[in-house]
Visitor: 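The following block contains the structure, expressed as structure tokens.
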2 protein chains.
Amino acid sequence: MPGGELALRLLGAFRDLIDALHMELAARGHPDVRPGHGFALQAIAPAPVTGSELAGRLGVTKQAAGRTVDVLAERGYVARTDDPADARRRLVVLTPRGRELLALSGEILERLRSQRAAAMGPERFAAFEDGLRTLTDGGGGPFAAAGWFVSS
Amino acid sequence: MPGGELALRLLGAFRDLIDALHMELAARGHPDVRPGHGFALQAIAPAPVTGSELAGRLGVTKQAAGRTVDVLAERGYVARTDDPADARRRLVVLTPRGRELLALSGEILERLRSQRAAAMGPERFAAFEDGLRTLTDGGGGPFAAAGWFVSS
DNA sequence: CTTTTCGGTCAATCATGTTGACGATCCTAG
DNA sequence: CTAGGATCGTCAACATGATTGACCGAAAAG
């Protein structure tokens, strides 16, 4: 496999997964969530975060993170709450709809993975995942991937 | 490996490759080419194409493709030529600099792949590539990946 | 020859990111 | 306790890359 083909296939595999995920999400009540939003939601899920923390995790400016939060709040996935301990901070938390979306996404992704494992054969798939894990261990944080594609 | 982690690692592996590629390209005389441009150049390389054909291959509108060609032409990687057989068409061709860039990219990607294969062990890497190939066979065309990440 | 299709471009708009600046708030050293 | 600095969130201006809609000239179809 030439080096260029390797890169193309990695992207293709990722895109196939994400496209299938969002097709299914759209069909199940979440037509207005975009791939990029998933990163933000996953970064918000573990615990309430501030805009600055979110920006750091996503690798964007705090202004861009704030804008993403605006969109997610408009669509009902997150809410801003005041921090009683610090009047500067506005904590972003998941709404029930946001939690539902994450749970649904996890379930769908799990099924997509199972389908691929079954189609390929469990042993071959395990070997594939083993290689992928080795390839990506030591890479940057999991979320710093939203906007790196663009530029002049 | 949970389904979400699978997707994240696929993207991470791709991003690592492309980041390393463009770091190296920048250091070797091509600091102003962007990841998205690579897709366009590869789509142009096999034979002269029109803007509409390019748009189809990249999965964007003809206006967006035309704009990409503008940028690549400004930077000396492609040139527009008139088609003597059809006055409507403006064929886009690679310049020598464009061909040099593609050759260099292929060489660098090949080395990046070899490094990863050596680090992991040739047998494990072969198994990994075998799985990846199986996973992505039957997927969409190779280039329809430039702009799918964005949206409202 | 007329009508339709096709290729390319212009214009307006949208989505997403950036930098720079700024008020409000908190923290900390004196 | 207070003054200075750091942090959080936001506003404004701008850049980039994409979109839709409209249009003109040229080719193809009838």
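Below, chains carry the letters A, B, ... as their sequence lines are ordered, and counting in each starts from 1.
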Visitor: Name the closest nucleotide to the B:Lys62 side chain, picking from D:dT10, D:dC8, C:dT9.
Guide: C:dT9

Visitor: Just so I know, are the side chains of A:Arg34 and A:Val71 near enough to count as touching, which here means a heavy-atom distance under 4.5 Å?
Guide: no

Visitor: Has the side chain of B:Arg88 got a donor or acceptor atom sitting under 3.5 Å from an opposite partner on the base of C:dC6?
Guide: yes

Visitor: Does a nitrogen or oxygen in the side chain of B:Ser52 sit under 4.0 Å from OP1 or OP2 of C:dG8?
Guide: yes

Visitor: Roughly how many Å is it from CG in A:Leu72 to C1' in C:dA15, rounded to a whole number?
Guide: 14 Å

Visitor: Between B:Asp86 and A:Ala64, just flag the one whose closest nucleotide in DNA chain C comes earlier from the 5' side.
Guide: B:Asp86

Visitor: Nearest whole Å is fine: how far is C:dC14 C1' from A:Glu74 CD?
Guide: 13 Å

Visitor: Go through the N and O atoms of the side chain of B:Gln63 and the base of D:dT20, and report whether any donor-acceptor pair is under 3.5 Å.
Guide: yes

Visitor: Ignoring hydrogens, what is the shortest heavy-atom contact between B:Leu109 and A:Gly4? Give both atom names and the distance.
Guide: CD1-CA, 3.7 Å

Visitor: How long is the gap from CG on B:Leu21 to CZ on B:Arg111, to the nearest 0.5 Å?
Guide: 10.0 Å

Visitor: Which of these, A:Glu5, A:Arg9, A:Met1, sits in a side-chain contact (heavy atoms from CB on, under 4.5 Å) with B:Glu129?
Guide: A:Met1

Visitor: Without decimals, in angstroms, what is the distance between A:Arg89 CZ and C:dC26 C1'?
Guide: 11 Å

Visitor: Mind checking A:Gly51 for me? I need base, sugar-phosphate or nothing, with any heavy atom below 4.0 Å counting as a touch.
Guide: sugar-phosphate

Visitor: May I ask you to say what B:Thr61 touches in the nucleic acid, namely base, sugar-phosphate or nothing, with a heavy-atom cut-off under 4.0 Å?
Guide: base

Visitor: What is the separation between atom CG on A:Asp32 and atom C1' on C:dC14, rounded to the nearest whole Å?
Guide: 17 Å

Visitor: Knowing that exactly one of B:Glu100, B:His22, B:Arg75 qualifies, which makes a side chain to side chain donor-acceptor pair (under 3.5 Å) with B:His30?
Guide: B:Glu100

Visitor: Quick check on D:dT16: is either OP1 or OP2 less than 4.0 Å from any side-chain nitrogen or oxygen of B:Thr68?
Guide: no

Visitor: Nearest-Å distance, CG (B:Asp70) to P (C:dT9)?
Guide: 7 Å

Visitor: From the list C:dT18, D:dT19, C:dG8, which nucleotide is the closest neighbour of the side chain of A:Val60?
Guide: C:dT18

Visitor: For B:Arg34 and C:dT18, what is the distance between atoms CZ and P respectively, to the nearest whole Å?
Guide: 14 Å

Visitor: Using a cut-off of strictly less than 4.0 Å, decide whether A:Arg67 has a side-chain nitrogen or oxygen near OP1 or OP2 of D:dA12.
Guide: no

Visitor: Heavy atoms from C-beta onward define the side chain here; which of C:dG7, C:dT25, D:dC8 lies closest to that of A:Ala87?
Guide: C:dT25

Visitor: What is the separation between atom CZ on A:Arg90 and atom P on C:dG23, rounded to the nearest whole Å?
Guide: 20 Å

